There are 2 protein chains.
Amino acid sequence: MPKIQCSECADTLLPVRDALDVISGKWKLQVIIAIAAGNQRFTEIERSIPGITPKVLNKELKDLEQHYLIKRQVLDTYPVMISYQLTRHAKTLDAVIHMLRDWGKQHRNHIKKQYQQT
Amino acid sequence: MPKIQCSECADTLLPVRDALDVISGKWKLQVIIAIAAGNQRFTEIERSIPGITPKVLNKELKDLEQHYLIKRQVLDTYPVMISYQLTRHAKTLDAVIHMLRDWGKQHRNHIKKQYQQT
DNA sequence: CGGAATCCTCTACGATACTG
DNA sequence: CAGTATCGTAGAGGATTCCG
């Protein structure tokens, strides 16, 4: 008999899953960082992320837009240009990213130490 | 020409990726929570997580052990029993999980508001 | 320029059954 | 009890080419 059913922690699991959906995957974070760094146009972003293909970038941009993390803007030029920019909502991710980065570093150190001991 | 190359932020990307590797995926967090909740034995954990199969649980447990998040202990009984427990290192994940949960909640609210406006 | 179309591979995850 | 073995599926991501 299980001591505690996990159903009660849906209150934790669901939001965490929501958050992870937004930032996990191979490219999402790199795209966010690329735009945060000042790259606004499709090709600009594409070239700032080595290895990404236009198809994948396109999909990531759409995903991020659906999550209201970036805004797509059609510039009235000829030829038409597209500008992508982070929303205010996207900036609230900063703290999360920093925390993940710090824990990730600590984790890697921990692993290394354990490895040296054995 | 890209304004800023993403290579410089490997210092962020790599640790974040390390952290995400540990907690992303459909089951990792549920397993951690199940063990934190007091389930120690394989079958106990299995029954506390609806829908998980032994094969998948086994893989997750091995992954978590490799990351030094849980410890596998063979109990000297007959028949032999196995006990899984969180390490001290695993507890350092708490802050990360709470942050993800909070941001996830806030994110869901944000989405809902935007949806109502349109 | 900013994509869309097509085809492909690889890994996470699942169902079911079996074993020391 | 604590797993393995086998088979199968879906989706993420990749390579290449083409389009308005």
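Given the structure is predicted, the values throughout are model-derived calculations rather than measurements. Each chain gets a letter, A, B and so on, in the order its sequence line appears, and its residues count up from 1.
Under the 4.5 Å side-chain criterion, counting only non-hydrogen atoms from C-beta, V31(A) is not in contact with V56(A).
Judged by distance alone with a 3.5 Å cut-off, a donor-acceptor contact links the side chain of K55(B) to the base of dG14(C).
For K26(B), the side-chain atoms get nearest to dC13(C) when compared with the rest of dC13(C), dG13(D), dA15(C). Comparing dG2(C), dA15(D), dG3(D) by their closest approach to the side chain of F42(A) singles out dG2(C). Of the candidate nucleotides dT4(D), dG13(D), dG3(C), dG13(D) has the atom lying nearest to any side-chain atom of V56(A). Comparing dG14(D), dC13(C), dG2(C) against the side chain of K59(B) picks out dC13(C) as the nearest.
When all heavy atoms of P54(A) and E46(A) are compared, the closest pair comes out as CD-OE2, 3.6 Å.
When the side-chain nitrogen and oxygen atoms of R47(B) are compared with OP1 and OP2 of dA2(D), none of them lie within a distance under 4.0 Å. For dG20(D), the OP1/OP2 oxygens have no side-chain nitrogen or oxygen of Y78(A) closer than 4.0 Å. Under 4.0 angstrom from either OP1 or OP2 of dG14(C) there lies at least one side-chain N or O belonging to W27(B). Residue T43(B) has a polar side-chain atom (N or O) positioned under 4.0 Å from OP1 or OP2 of dA2(D).
The CD1-C1' distance, from I52(A) to dA12(D), rounds to 13 Å in whole Å. As a whole-Å value, the separation of E46(B) CD from dT16(C) P is 14 Å. Distance, N58(B) CG to dC13(C) P: 14 Å, rounded to whole Å. Atom pair D76(B):CG and dC1(D):P shows a separation of 18 Å (rounding to whole Å applied). Protein atom NZ of K62(B) is 16 Å distant from nucleotide atom P of dC13(C), rounded to whole Å. A straight line from CG of L61(B) to C1' of dG3(D) spans 10 Å, rounded to a whole angstrom. Taking atom CE on M81(A) and atom C1' on dG2(C), their separation rounds to 11 Å, with Å as the unit. If you measure from atom CG of D63(A) to atom C1' of dG11(D), you get 13 Å, rounded to the nearest angstrom.
At least one donor-acceptor pair closer than 3.5 Å links the side chain of R17(B) to the backbone N or O of K26(A). Without hydrogens or angle criteria, H110(B) side chain to Q106(B) main chain gives no donor-acceptor distance under 3.5 Å.
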Take H89(A) and H107(B), measure what side-chain hydrogen bond (donor to acceptor under 3.5 Å, both in side chains) needs, and give me the verdict at the end.
CA-CA 8 Å; H89(A) 181 51; H107(B) 178 58; 2.8 Å; yes

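No contact: P79(A) has no heavy atom under 4.0 Å from any strand. Using a 4.0 Å heavy-atom cutoff across all strands shown, G51(A) reaches no nucleic acid atom at all.
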